[in-house]
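A quick write-up on the structure given underneath.
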Amino acid sequence: MADLDRRRFEARLDRLVADNRFTIAVTFPAIGAVMLLASAEGWFPGSLEFNPYLVLFGTAVMRLPLIAGIAPLVDRRAGLAIAALTLYTYGIEFTGVLTGLPYGHFEYAIDLGPMLLDTVPAALPIFFFPLVLNAYLLCLLLLGDRASLTRVRLPAVIATVLAMDLVLDPGAVGLGFWEYAPPLSGDGLWAGATAAQFYGVPLSNYLGWVLSASVAVLAFDLGFQRAGLLDRLERTGFMLDDLVSFVILWGAINAWYGNWLSVAVAGLFGVGLLATDRFDFAVRETVPLVRSRQ
């Protein structure tokens, strides 16, 4: 009975996402970008400025395509991988804030929802996991048969996750989500890594992401069957719509701050989505105004 109820819920979630693709993947990130920039520029009253509940609600909605796509594939093995990665994510984030390793010294300047021990967001997994899953799914499609080779698949996904952070972190720093400490003084390698910056983000952050991305990619690689992921990608169509939201939201924010290299990387992800035929004019019937006329 429980299995039947789960399948019914998953089917309803699939229909909800499929019927509202444009709203979820385009309207929400576009409005989100405007609201975040308005908050950063001081154009909103205090109650709306970086309202954590609005941030979490908008994020959760944009994650629905990925959640719906993955849900039927979460069995015991995948559940264990997700649980272990959740613990790792909180652990390394606490370590990063408290010690500066492995990303460099930083702190959250804006509450992104409830904070664990006033240090890291409780909703951290919903911010981090999609970066890895979107990169993994996109690489599966772009690599084709080469994705079956571990020596090709894993490095490609890790590099893609790092590329996503080249878009995310500069935009987040521009908004003031988190702040990095001033560069360390001295001539050592670590001091140099904190001094070299990419739109206000130290190189040490990306060195830390090599570790985080490697662990996360390996966890998802062990937790999920590639055949199941490819089958869901084929049957749902909307599974990478969260990446569409990522391109729109963070591409727009980086453009506002003049982070043009980050905008270019976001554009490359858009090209990748078009190359895999994941999101195009086929979703026009899910635009509310178009649907109401049919």
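Just so you know, these numbers use all the heavy atoms, side chains as well, and skip hydrogens, waters and symmetry mates. What you see is a predicted model; the values in this text were computed from it and never measured.
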Could you tell me if the side chain of [Y] sits less than 4.5 Å from the side chain of [X], heavy atoms only?
| X | Y | answer |
| --- | --- | --- |
| Phe127 | Leu56 | yes |
| Met62 | Leu249 | yes |
| Phe94 | Leu116 | yes |
| Asp241 | Ile24 | no |

Do [X] and [Y] belong to the same hydrophobic cluster, where Ile, Leu, Val, Met, Phe, Trp and Tyr are linked whenever their side-chain heavy atoms lie under 4.5 Å apart, directly or via other members?
| X | Y | answer |
| --- | --- | --- |
| Leu143 | Val161 | no |
| Ile67 | Leu16 | yes |
| Ile82 | Leu73 | yes |

Between Asp169 and Tyr199, do the side chains contain an N or O donor and an N or O acceptor separated by less than 3.5 Å?
-> no
Heavy-atom closest contact ([X] atom, [Y] atom, distance):
| X | Y | value |
| --- | --- | --- |
| Gly69 | Phe238 | N-CE1, 4.1 Å |
| Ser212 | Ile92 | OG-CD1, 3.5 Å |
| Ser214 | Ile158 | OG-CD1, 3.5 Å |
| Gly171 | Tyr257 | O-CE1, 4.5 Å |

Determine whether more than 12 heavy atoms belonging to other residues, nucleotides or ligands lie under 6.0 Å from atom CD of Glu41.
-> yes
Mark yes when over 12 heavy atoms from residues, nucleotides or ligands other than Phe9 sit less than 6.0 Å from its CZ; otherwise mark no.
-> no
Drop me the distance from [X]'s [atom1] to [Y]'s [atom2], to the nearest 0.5 angstrom.
| X | Y | atom1 | atom2 | answer |
| --- | --- | --- | --- | --- |
| Leu154 | Leu149 | CG | CG | 10.5 Å |
| Phe224 | Leu137 | CZ | CG | 9.5 Å |
| Met164 | Ser262 | CE | OG | 12.5 Å |
| Asp242 | Phe28 | CG | CZ | 13.0 Å |
| Thr59 | Leu112 | OG1 | CG | 8.0 Å |
| Tyr136 | Arg153 | OH | CZ | 4.5 Å |

Is the backbone of [Y] close enough, under 3.5 Å, to the side chain of [X] for a donor and an acceptor to pair up by distance?
| X | Y | answer |
| --- | --- | --- |
| Asn51 | Leu54 | yes |
| Asn134 | Pro130 | yes |
| Asp75 | Ala78 | yes |
| Asp231 | Ala227 | no |
| Arg77 | Leu222 | yes |
| Arg278 | Met239 | no |
| Arg21 | Pro65 | no |
| Tyr90 | Ala122 | yes |
| Thr276 | Gly272 | yes |

Take Asp14 and Arg232, measure what salt bridge (charged side-chain N to carboxylate O under 4.0 Å, His left out) needs, and give me the verdict at the end.
-> CA-CA 11 Å; Asp14 279 359; Arg232 285 295 288 170; 3.2 Å; yes
When you look at Phe220 and Leu85, which way does the side chain to side chain contact (heavy atoms under 4.5 Å, CB included) test go after all the steps?
-> CA-CA 9 Å; Phe220 282 121; Leu85 185 55; 3.4 Å; yes
Classify the ring geometry between Phe106 and Tyr180 as parallel (under 30°), tilted (30 to 60°) or perpendicular (over 60°).
-> tilted
